Amino acid sequence: MPIIGCHLSDREGFLAMATETVGLGAQTFQFFTRNPRGGAAKTWELGDEEAYLTYAGEHKLAPFVAYAPYTVNPASAIQSESDFARLVLSEDLSRLDAFPSSYYAFRPGSVGEQESEEAGVARLVAALDEVLQPTHKAFVLVIPSAGSGHEICSHLEEVQKVLAEVKLHEQVGVLLDTTTLWGA
């Protein structure tokens with residue numbers, strides 16, 4: 001049986017997203033962990049996680065997908081971009097520990113005009129090796145890119161290389177976005 005979900009705002013919190021999901025007849029939802037263009041993460045209300053987990057269990061909701069902002073670029077050779085990506089990935093994964101069985105999706109980023117995709121893949125693997133901890137509860141999903149500009153992981157072989165080389169590879173998978181696949 002397919003699982004149908006929707007993209008929601010987390011403005012009102014997790015319980016609100018869960019009730020809206022059920023009201024729409026869906027079984028799961030996706031939301032941005034912070035503004036899609038970057039920035040600080042919203043503070044989660046005390047008790048909202050527990051209320052969500054209770055409600056989600058009662059309504060048999062499938063695990064949700066937390067989506068990193070578009071500005072995350074772990075493949076970048078620009079130090080400020082790389083630092084921002086590692087900060088966001090680390091913070092988001094730690095915050096998601098409150099939600100067992102959740103998913104965390106992000107786009108792998110892009111490289112500079114004069115760089116090889118292999119260099120970007122190596123930086124992506126290094127970033128994941130740095131931020132992934134065995135205690136993290138969210139399953140990390142790499143979203144292959146369409147390959148526009150200098151994006152990495154537009155070929156499934158590159159994605160496979162990332163999955164094979166990440167030390168905690170059992171915590172990382174792939175989210176196939178149909179619009180991205182069409183673009184590729």
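Fair warning: this is a prediction, and the values are worked out from it, not measured in the lab. When reading the values below, keep in mind they use all heavy atoms of this one structure, side chains included, and skip hydrogens, waters and symmetry mates.
- Side-chain contact check for Val111 versus Ser116: every heavy-atom pair is 4.5 Å or farther apart.
- For the pair Arg34 and Glu91, the minimum side-chain heavy-atom distance is below 4.5 Å.
- Classification of the Phe64-Phe29 ring pair by plane angle, with boundaries at 30° and 60°, yields parallel.
- Atoms CG and CD1, from Leu61 and Ile3 in turn, are 10.5 Å apart once rounded to the nearest 0.5 Å.
- Phe106 is listed as a side-chain neighbour of Val140, based on a closest heavy-atom distance under 4.5 Å.
- Considering CD of Gln79 and CD of Glu81, their distance stands at 10.5 Å, rounded to 0.5 Å.
- The two residues Ala41 and Arg95 make their nearest non-hydrogen contact at CB-CZ, 3.7 Å.
- Minimum interatomic distance between Pro74 and Arg107 (heavy atoms only, all atoms of both residues): CD-O, 4.0 Å.
- Atom CG of Leu8 sits about 7.0 Å away from atom CG of Leu24, to the nearest 0.5 Å.
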Practice item. Walk me through it: do Phe14 and Phe31 pass the test ring pair (Phe, Tyr, Trp, His ring centres under 6.0 Å)? Key: CA-CA 10 Å; Phe14 287 93; Phe31 68 99; 5.3 Å; yes
Practice item. Please step through ring pair (Phe, Tyr, Trp, His ring centres under 6.0 Å) for the pair Tyr52 and Trp44, ending with a clear verdict. Key: CA-CA 12 Å; Tyr52 162 78; Trp44 292 341; over 10 Å; no
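- Here the CD1 atom belonging to Ile4 is positioned 12.5 Å from the OG1 atom belonging to Thr21, to the nearest 0.5 angstrom.
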Exercise for review: Tell me, with the steps shown, if Ser9 and Met17 meet side-chain contact (heavy atoms from CB on, under 4.5 Å).
Suggested key: CA-CA 7 Å; Ser9 167; Met17 288 188 289; over 6 Å; no
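- Nearest heavy-atom pair, Ala68 versus Thr33, reported as atom, atom and distance to 0.1 Å: CA-OG1, 4.0 Å.
- Contact of the Cys153 side chain with the Val162 side chain is registered, since non-hydrogen atoms from C-beta on lie closer than 4.5 Å.
- Minimum interatomic distance between Ser102 and Pro63 (heavy atoms only, all atoms of both residues): CA-CB, 4.2 Å.
- Leu96 and Leu87 are assigned to two separate hydrophobic clusters, defined by single-linkage of ILVMFWY side chains at heavy-atom distances under 4.5 Å.
- In terms of heavy atoms, Ala98 sits closest to Leu53 at O-CD1, 3.6 Å.
- Annotation: side chain of Asp97 is in contact with side chain of Lys137 (closest heavy-atom distance under 4.5 Å).
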Practice item. Walk me through it: do Lys161 and Glu165 pass the test salt bridge (Lys or Arg N to Asp or Glu O under 4.0 Å)? Key: CA-CA 6 Å; Lys161 184 173 176 61; Glu165 292 185 9; 2.6 Å; yes
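- Between Glu117 and Ile152 the shortest heavy-atom distance is O-CG2, 3.9 Å.
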Only pairs under 3.5 Å count here: list side-chain donor-acceptor contacts from residues 124-133, not counting sequence neighbours, and write none if there are none.
{"unit_1": "Asp129", "atom_1": "OD1", "unit_2": "Lys167", "atom_2": "N", "d": "2.8"}
{"unit_1": "Glu130", "atom_1": "OE1", "unit_2": "Arg86", "atom_2": "NH1", "d": "2.3"}

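- Other members of the cluster containing Phe139 are Phe32, Val65, Tyr67, Tyr70, Tyr103, Leu141, Ile143, Leu175, with ILVMFWY side chains joined at under 4.5 Å, either directly or via other members.
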Point to revise | side-chain contact (heavy atoms from CB on, under 4.5 Å) assessment of Leu176 paired with Leu156 | key: CA-CA 10 Å; Leu176 293 176; Leu156 292 179; 4.2 Å; yes
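- Atom CD of Gln27 and atom SG of Cys6 lie 9.5 Å apart (nearest 0.5 Å).
- Other residues, nucleotides and ligands contribute over 12 non-hydrogen atoms within 6.0 Å of the CD atom of Glu170.
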